[in-house]
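Report on one structure; see the data block that follows.
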Amino acid sequence: MKAMLLAAGKGERMRPLTLHTPKPLVPAGGRPLIEHQLLALRRAGFHDLVINHAWLGQQIEDYLGDGSRFGVAIRYSAEGEPLETGGGIFRALPLLGEAPFALVNGDIWTDFDYARLQGALAEGDLAHLVLVDNPGHNTRGDFRLEGERVGDYREGEPSYTYSGIAVLHPALFAACTGGAFRLAPLLREAMAAGRVSGELHRGRWVDVGTHERLAEVERLLAAG
């Protein structure tokens, strides 16, 4: 299975760090956030990676190269203009092929075992999402989890936060055309059709979107 690392975000809330450094290259524990992800994917058996980029993306290519020094093979999808998550994935589909692929945000930190993604997508499903308990910055949550099926948020019912980790089938994008668009509406449409599964990760997970959350990752890494 191939994996796609999302690395096109501008990281507005982490300025001034991200004025001259793309957010996935911001260091935590002595190495860039995206390197933590890359190494975790390699340990889980993922060796063919696709990375998209936009803001200061050449720095990401310069640092990671073709991936050989990390024991993986990397291909890049350069966007130029912002395409949002859905549009970025759609642009990269020719590099990902026709089989289901893992999708991982390049700016999260987690102890989730990516080996769980291998074979996680059931026949007929379009997506498998990894959810986490709602953090302080997203107390409402994103989606419901009923057994192994994921549904859209519903007022008054338990909900969880999408972790930025998933397995997607390229058929999820069958009706899409190029340009900028979000991933969430496609997922909600697939949920309405009963074609999205999920699991809950209750280990460590941080969406490194602010200086405070970056400091939290530093503390976790220092504590081992």
Do [X] and [Y] belong together in a cluster built from hydrophobic side chains that touch within less than 4.5 Å?
| X | Y | value |
| --- | --- | --- |
| L64 | L5 | yes |
| L214 | V206 | yes |
| L6 | L83 | no |
| L172 | M4 | yes |
| V196 | L117 | no |

Would one find more than 12 heavy atoms of other residues, nucleotides or ligands at under 6.0 Å from atom [atom1] of [X]?
| X | atom1 | result |
| --- | --- | --- |
| R188 | CZ | yes |
| E98 | CD | no |
| E189 | CD | no |

For the residue pair E148 and H128, confirm or rule out a side-chain donor-acceptor distance under 3.5 Å. no

Regarding N134 and T161, is there a side-chain donor-to-acceptor distance under 3.5 Å anywhere? yes

Let me confirm one number: the [atom1]-[atom2] distance from [X] to [Y], rounded to the nearest 0.5 Å.
| X | Y | atom1 | atom2 | result |
| --- | --- | --- | --- | --- |
| E61 | D66 | CD | CG | 11.0 Å |
| L96 | L49 | CG | CG | 10.0 Å |
| I74 | H47 | CD1 | NE2 | 13.0 Å |
| L168 | L183 | CG | CG | 6.0 Å |
| I51 | R75 | CD1 | CZ | 12.5 Å |
| F90 | N52 | CZ | CG | 14.5 Å |

Heavy-atom check, side chain of [X] versus side chain of [Y], under 4.5 Å:
| X | Y | result |
| --- | --- | --- |
| F46 | V72 | no |
| M191 | L129 | yes |
| M1 | V167 | yes |
| N105 | D207 | no |
| I165 | I108 | yes |
| L121 | F101 | no |
| R213 | W109 | no |
| S163 | T110 | no |

Test side chain to side chain contact (heavy atoms under 4.5 Å, CB included) on V217 and H36 and set out the steps. CA-CA 11 Å; V217 173; H36 286 285; 6.0 Å; no

Side chain to side chain contact (heavy atoms under 4.5 Å, CB included) between E146 and E157, worked out: CA-CA 11 Å; E146 300 174 350; E157 295 189 15; 4.0 Å; yes

Using the ring pair (Phe, Tyr, Trp, His ring centres under 6.0 Å) criterion, which residues pair with F112? Sequence neighbours excluded. Y114, H201

Less than 6.0 angstrom from the centroid, inside 45 degrees of the normal: does R140 satisfy that with respect to the ring of Y153? yes

Cation over ring face, R31 and Y63, 6.0 Å, 45°: no

Please report the C-alpha distance between L145 and V150 in whole Å, then the side-chain angles of each, then the deciding distance to 0.1 Å, and finally whether the side chain to side chain contact (heavy atoms under 4.5 Å, CB included) criterion is met. CA-CA 5 Å; L145 183 62; V150 178; 3.9 Å; yes

Considering residues at least two apart in sequence or located in another chain, which fulfil the salt bridge (Lys or Arg N to Asp or Glu O under 4.0 Å) criterion with E84? none

Determine, step by step, whether D142 and Y160 satisfy the side chain to side chain contact (heavy atoms under 4.5 Å, CB included) criterion, reporting the C-alpha distance in whole Å, the side-chain angles of both residues, the deciding distance to 0.1 Å, and the verdict. CA-CA 6 Å; D142 301 314; Y160 300 96; over 6 Å; no

What closest approach, in Å, do [X] and [Y] show between heavy atoms, and which atom pair accounts for it?
| X | Y | value |
| --- | --- | --- |
| T21 | V26 | CG2-N, 4.2 Å |
| R202 | D133 | NE-OD2, 2.9 Å |
| W205 | Y162 | CZ2-O, 4.3 Å |
| G65 | Y76 | O-OH, 2.6 Å |
| S159 | G141 | OG-CA, 3.6 Å |
| I34 | A7 | CD1-CB, 3.9 Å |

Can any side-chain N or O of K23 pair as donor or acceptor with the backbone N or O of L33 at less than 3.5 Å? no

Counting distance only, does the side-chain N/O of R182 pair as donor-acceptor with the main-chain N or O of T85 below 3.5 Å? no

Could you please spell out the steps behind the salt bridge (Lys or Arg N to Asp or Glu O under 4.0 Å) verdict for R91 and E79? CA-CA 8 Å; R91 169 78 66 87; E79 295 181 6; over 6 Å; no

Could you check whether R149 pairs with D125 (Lys NZ or Arg NE/NH1/NH2 to Asp/Glu carboxylate O, under 4.0 Å)? yes

